[in-house]
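Here the structure is a predicted model, which means the values were calculated and not measured.
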Amino acid sequence: MSDDRVFVRSKWGTSRYVYNADNPIGMALIIGSLLFAAAGMYWLYHPDLFESGWKGDDLRKGVSGATAELSAEKRSGPGGDSYLFADILKQDIVEHGQGPADALKVTLASEPAQWDVLKGGLQKASYSVSARGTDTAFCLHVSAMAKAKSIDYDYVNFTIGNGACPSTDMQ
């Protein structure tokens, strides 16, 4: 009577012991092992699975790296679609920091910057950066001098302030 034992000898011609599928405990061990292996494989490919948010130092590092890169590139500025620039900021902050993208929030905190592609000119906007998991927040004031008849900029400067930007009623 083999269904009362949890382990039985393998029927594959080896002397190894295996879980007995006829025993309820053996069947539970088989299913549990498969679920444990599947969860382990999933975790290997999704290592940030249990990270729920950002740490303050990681957010600071991400903001500093992103603003330095965007200032050096001079290709992106707040003009045109200021909400698109918020997405660019978010992407670069995630790239330079260590935290999940869905926990990061970058919002336009001022009136959208005005842009005249024919005349160029100064563009200014402010963005609040915050993240789930930390109380750290930053206010980014962006000023960029757009070249006339070009999508590039003469300069893109950031001023980083601690804390979220003062709110404006933007609808």
Side-chain angles (χ1 to χ4, degrees), residues 1-73 75-76 78 80-110 112 125-142 158-171:
M1 187 172 203
S2 65
D3 44 282
D4 60 340
R5 295 180 296 173
V6 176
F7 298 99
V8 294
R9 283 195 187 267
S10 172
K11 296 177 185 174
W12 291 75
T14 64
S15 60
R16 292 180 37 204
Y17 280 88
V18 295
Y19 296 130
N20 182 2
D22 294 332
N23 185 308
I25 296 173
M27 181 58 77
L29 289 171
I30 291 170
I31 293 170
S33 298
L34 292 172
L35 290 174
F36 182 76
M41 293 300 292
Y42 185 81
W43 184 71
L44 281 175
Y45 289 99
H46 299 88
D48 60 347
L49 181 65
F50 297 109
E51 290 183 23
S52 62
W54 286 69
K55 295 180 181 140
D57 290 339
D58 291 335
L59 183 59
R60 184 178 309 280
K61 179 182 169 188
V63 167
S64 298
T67 55
E69 181 179 316
L70 289 169
S71 292
E73 285 179 354
R75 285 187 279 161
S76 298
D81 187 353
S82 295
Y83 298 101
L84 177 62
F85 189 68
D87 291 339
I88 293 170
L89 277 171
K90 182 177 180 178
Q91 178 183 355
D92 282 6
I93 291 169
V94 168
E95 187 177 301
H96 287 89
Q98 295 180 348
D102 62 341
L104 183 64
K105 186 175 181 183
V106 178
T107 56
L108 181 63
S110 66
S126 297
Y127 296 87
S128 288
V129 178
S130 60
R132 188 176 66 237
T134 181
D135 291 334
T136 304
F138 298 99
C139 181
L140 304 180
H141 299 286
V142 187
F158 288 88
T159 304
I160 303 172
N162 288 325
C165 297
S167 64
T168 59
D169 294 331
M170 301 215 25
Q171 300 296 336

Distance (rounded to the nearest 0.5 Å) between T134 OG1 and D57 CG
8.5 Å

What is the minimum heavy-atom distance between I25 and N23, and which atoms define it?
N-OD1, 2.8 Å

Do N20 and V6 have side-chain heavy atoms sitting under 4.5 Å apart?
no

Atom pair NE2/CD of H96 and Q91 - distance to nearest 0.5 Å
11.0 Å

For the student: nearest non-hydrogen atoms of W54 and P100, plus distance
NE1-O, 2.9 Å

Is the closest side-chain heavy-atom distance between F85 and V142 below 4.5 Å?
yes

From D92 CG over to E73 CD, what is the distance, rounded to the nearest 0.5 angstrom?
6.5 Å

Neighbour count above 12 (heavy atom, 6.0 Å) for D102 CG:
yes

Spacing of CD1 belonging to I88 relative to OH belonging to Y127, to within rounding of 0.5 Å:
9.0 Å

Going from SG on C165 to NE2 on H141, what distance comes out if it is rounded to the nearest 0.5 angstrom?
5.0 Å

Closest heavy-atom contact between C139 and A164?
CB-C, 4.1 Å

According to salt bridge (Lys or Arg N to Asp or Glu O under 4.0 Å), who are the partners of R9, at least two apart in sequence or on a separate chain?
none

Measure the shortest side-chain to side-chain distance between L59 and I93 over non-hydrogen atoms and say whether it is less than 4.5 angstrom.
yes

For L108 and S126, work out which heavy atoms get closest and say how close.
CD1-O, 3.5 Å

Distance (rounded to the nearest 0.5 Å) between R132 CZ and L104 CG:
10.0 Å

Side chain to side chain, T159 and L140, heavy atoms closer than 4.5 Å:
no

Does some side-chain heavy atom of L89 sit less than 4.5 Å from a side-chain heavy atom of V129?
no

Check: S130 and F138 side chains under 4.5 Å, non-hydrogen atoms:
no

Is the shortest side-chain heavy-atom distance between R60 and N162 below 4.5 Å?
yes

Does a sphere of radius 6.0 Å around CD1 in I160 hold more than 12 heavy atoms from other residues, nucleotides or ligands, not counting ones at 6.0 Å or beyond?
yes

Please report the shortest heavy-atom distance between V94 and G99, naming the atom on each side.
CG1-O, 4.1 Å

Which atoms form the tightest heavy-atom contact between A86 and V106, and what is the distance?
O-CG1, 3.7 Å

